[in-house]
Amino acid sequence: MEILSLLKEKVQTGINDLYGAEADEKQIQFQQTRKEFEGDFTLVVFPFLSISKKNPVQTANDIGTYISANVSEVESFNVVKGFLNLKFTNSFWIGFLNRIAAKTNYGIKNEGESGKTVMVEYSSPNTNKPLHLGHVRNNLLGYSVAELLKANGHKVFKVNLINDRGIHICKSMLAWQKWGNGETPESTGKKGDKLVGDYYVKFDQEYKKEIAEFIAQGLKIEEAKDKAPLILEAREMLRKWEAGDREVVELWKTMNNWVYAGFDVTYATMGVDFDKIYHESETYKLGKAIVLDGLEKGILIQKEDGSVWADLTEDGLDQKILLRADGTSVYMTQDIGTAHQRFSEFKLDNHLYVVGNEQNYHFQVLKLVLKKLGYSWADHMQHLSYGMVELPEGKMKSREGTVVDADDLIAEMIKTAKETSQELGKLDGYSDEEIVNISKMVGLGALKYFILKVDPKKTMMFNPKESIDFNGNTGPFLQYTHARIKSIIRKASDAGIEVVSEINQNILLDKKEQDLVKQIANYPSAIEEAGNNYSPAVIANYIYELAKEYNQFYHDHHIMNEVNKDVQNFRLFISSKVAAIIKSSTKLLGMEVPERM
RNA sequence: GCCCCCAUAGUUCAAGGGAUAGAAUAGCAGUUUCCUAAACUGUAGAUCCAGGUUCGAGUCCUGGUGGGGGCACCA
């Protein structure tokens, strides 16, 4: 808040006046006053004791006296130990509300306002199997972070780099060729990504059988894995693909298109989108020229077999291969190329990669290699390294059938939302269309909030046996709060009462009302903090606090029955503001909120 | 073997070096002639262990224990 910078300034001059010494800006720490104490903002005075040469209470009293005399917005102060609690005047808070009254998009900056452009890469799936819960976290995070960056005024490009080539795709293709009997999504009624995924699993099963046979014949595991006919065939298929073999390329196109159609459905239900989609089949050769250039300049090294490496041992890391002996690229080479391509194509101030923390080392190396190659923009690459989603029995493993399928999970959430609504009788008398819409909003809202409220960096736990809650600190709680407010506003409107655009300066706010107004005032800084930290969790926590405050206010105060018109106007006004903030903040999490539920 | 990350109520999550470590859920006890009880109120319950730095440590440092991830001419 603007008032905070004013306070900091006054503290500085105050300390100068009182003790004749300069206070370091960093020493001036304001925090929100805790609920159990009287006040709005609190200054921690411990850092000034060496300057004041007095005890904490005396020092706090000195500064408090100075501030309340010199800042008209400060009504009173109190001191608890080394903490100076400042209380603002009633009219300060009313004034604040009147200042934001006309703002239709309070707290949100316009995209482009900051003058910065950011690229956010997220999702980036493989085309050999359907999306699972891990991808869901990635997608929701990527989407939400992109929205947060927009809300902070940046121009944002959302991009997806689809991994549509490589040995894993060939495995699905080969299995389909051998055992598919010409099955298609149409003939089976299966989603394309599911169908292809089934053949990926089929390959693995048959491959394992071959390995087991070889081991029974006395081969070592490594050797068996390397010599199994299926893997040899898959490699041959990859070779043919790279050589442009028509039949293989045709099959590859067909099956990939099945997968894309399936992904599109999942993306659409999750509500995520992209400004641009890259395909690895088109980018995997990028980077080779850059690497060869680096070799020529002596930044990279070449081994006897002709392979090219980056030597990072001086930086405490290993050597990293960048080109194979046969001159082909590896993953890292491609990332070097795509990064270069993007920074050349767009004027990017920042490039964020939303990728799991299992790839921390990869990104560390990527940045380092790019810097060694002399690209200063490498410093503007950020890895949003998010934690894994774990199940009670540990990591999800597709081979062991413990993956939580994205489509199944979403469908389950929507179904539960519908059942819960019906049990509570919430949707009685609603049209089928409304019931479907609201169930979708609530089910997805529960899922999205559940995932996004956790700090992205942390590993999170999901227990499929316990369905995601709809009570307490949940998405539906926020939606319910919104719907309740909308209901009041409708009732008011029916009674001929509209939300006012200015509040009477003379009404007195009680404690609960002040708490609510303070939380409203925190919205812009919550958006900034969430953007700076790439953390939707910051927003999630903020909305929850806001909704909780509102529900308490709602419980204790009447609106329609309030006889004092000014007070009624005020309560209707903050209700409407809270609803607007819930709507705009949940949107940053990719959630929708219903008008009623 | 080497490197990185994590450890908070029974459980799932919060806490920019600052006050008495917050919520939710599960448990217990309540609130509906009153704008939606998917709500509200009360109650009980936690910083892995041992040292250290600091006026002050869940947060920083060292060591240990436990868990996860990475160390491929896979992507």
Side-chain angles (χ1 to χ4, degrees), chain A residues 29 31 33-37 42 44-47 49-50 56 80-83 85 124 126 128 163 165-169 280 284 303 305 307-309 316-318 321-326 328-332 334-335 356-362 364 385 387-388 390 392 394-395 417 420-421 423-426 442 446 450 453-455 457-463 466 468-481 483-492 495 529 533 537-538 540-541 544-545 547-548 550-552 554-562 571-572 575 596-597:
Chain A
Q29 314 167 39
Q31 53 190 266
T33 304
R34 294 217 177 176
K35 284 275 170 55
E36 58 266 37
F37 303 105
T42 296
V44 185
V45 301
F46 293 105
L49 300 185
S50 57
V80 181
K81 294 186 214 167
F83 299 89
N85 301 320
S124 306
N126 291 350
N128 61 335
N163 178 10
R165 64 163 285 278
I167 192 75
H168 48 283
I169 315 296
E280 292 202 353
Y284 79 105
K303 298 205 171 172
D305 64 357
S307 57
V308 181
W309 298 69
L317 303 175
D318 303 328
I321 187 156
L322 298 175
L323 286 177
R324 298 187 183 101
D326 64 5
T328 55
S329 299
V330 295
Y331 180 43
M332 186 66 74
Q334 174 191 253
D335 271 359
N357 62 15
E358 63 211 339
Q359 294 199 37
N360 284 355
Y361 184 73
H362 172 80
Q364 199 186 345
S385 160
M388 302 286 100
E390 274 187 10
K395 207 184 172 185
T420 308
S421 301
E423 272 168 36
L424 295 170
K426 293 282 183 184
V442 174
F450 176 82
K453 78 170 183 189
V454 181
D455 183 334
K457 290 197 279 294
K458 292 194 175 171
T459 305
M460 66 176 289
M461 174 65 67
F462 175 78
N463 188 346
E466 299 167 13
I468 293 172
D469 247 303
F470 286 68
N471 296 325
N473 186 356
T474 66
F477 173 79
L478 309 178
Q479 293 168 319
Y480 174 70
T481 308
R484 257 180 158 184
I485 296 172
K486 286 297 184 174
S487 172
I488 294 182
I489 291 174
R490 278 193 301 272
K491 282 207 164 68
E529 191 189 337
N533 296 314
V538 169
N541 290 340
Y544 175 64
E545 284 304 319
K548 204 166 68 156
Y550 186 81
N551 278 308
Q552 290 165 357
Y554 178 95
H555 184 264
D556 297 343
H557 298 77
H558 291 286
I559 295 171
M560 295 308 291
N561 293 337
E562 174 57 48
R571 290 185 185 158
L572 203 55
S575 296
R596 37 186 200 163
M597 66 185 271

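Proteins get letters first, then strands, A, B, ... in listed order; numbering begins at 1 in each.
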* Nucleotide paired to B:U25 in any strand shown, Watson-Crick or G-U, under 3.5 Å -> B:G10
* Asked: Is there a donor and acceptor pair, one atom on the side chain of A:Asn541 and one on the base of B:C13, closer than 3.5 Å?
  -> no
* To do: Could you tell me whether the phosphate oxygens of B:A38, OP1 or OP2, come under 4.0 Å of any side-chain nitrogen or oxygen in A:Tyr480?
  => yes
* Structure fact -> Of the candidates B:A14, B:C34, B:C40, the side chain of A:Asn561 sits closest to B:C34
* For B:A15, which nucleotide is its Watson-Crick or G-U wobble mate, given both distances must be under 3.5 Å? -> none
* Partner of B:U53 by Watson-Crick or G-U wobble geometry, both contacts under 3.5 Å, or none? -> none
* To do: Compare the minimum distances between each of B:A39, B:C73, B:C13 and the side chain of A:Met460, then state the nucleotide with the smallest one.
  => B:C13
* Structure fact -> Looking only at B:A23, B:A7, B:A19, the nucleotide nearest the A:Lys548 side chain is B:A23
* Pair assignment for B:U36, Watson-Crick or G-U wobble, requiring both distances under 3.5 Å -> none
* Does A:Arg484 put a side-chain nitrogen or oxygen below 4.0 Å from OP1 or OP2 of B:A37? -> yes
* Using a cut-off of strictly less than 4.0 Å, decide whether A:Gln29 has a side-chain nitrogen or oxygen near OP1 or OP2 of B:G17. => no
* **Complement of B:C73, any strand, by Watson-Crick or G-U distances under 3.5 angstrom** => none
* Atom-pair distance (CG on A:Leu317; C1' on B:C71), nearest Å -> 11 Å
* Asked: For B:A44, what is the paired nucleotide under Watson-Crick or G-U wobble rules, both distances under 3.5 Å?
  -> none
* side-chain N/O A:Lys426 vs B:A37 OP1/OP2, d < 4.0 Å -> no
* Structure fact -> Using Watson-Crick geometry (N1-N3 plus N6-O4 or O6-N4) or G-U wobble (N1-O2, O6-N3), each under 3.5 Å, B:U20 is paired with none
* Closest nucleotide among B:G18, B:C73, B:A14 to the A:Lys458 side chain -> B:A14
* Distance check: side-chain N/O of A:Asn471 vs OP1/OP2 of B:A39, anything under 4.0 Å? -> yes
* Under 4.0 Å between a side-chain N or O of A:Ser487 and OP1 or OP2 of B:U36? -> yes
* Choose from B:A19, B:A75, B:A38 the nucleotide whose nearest atom is closest to any side-chain atom of A:Thr42. => B:A19
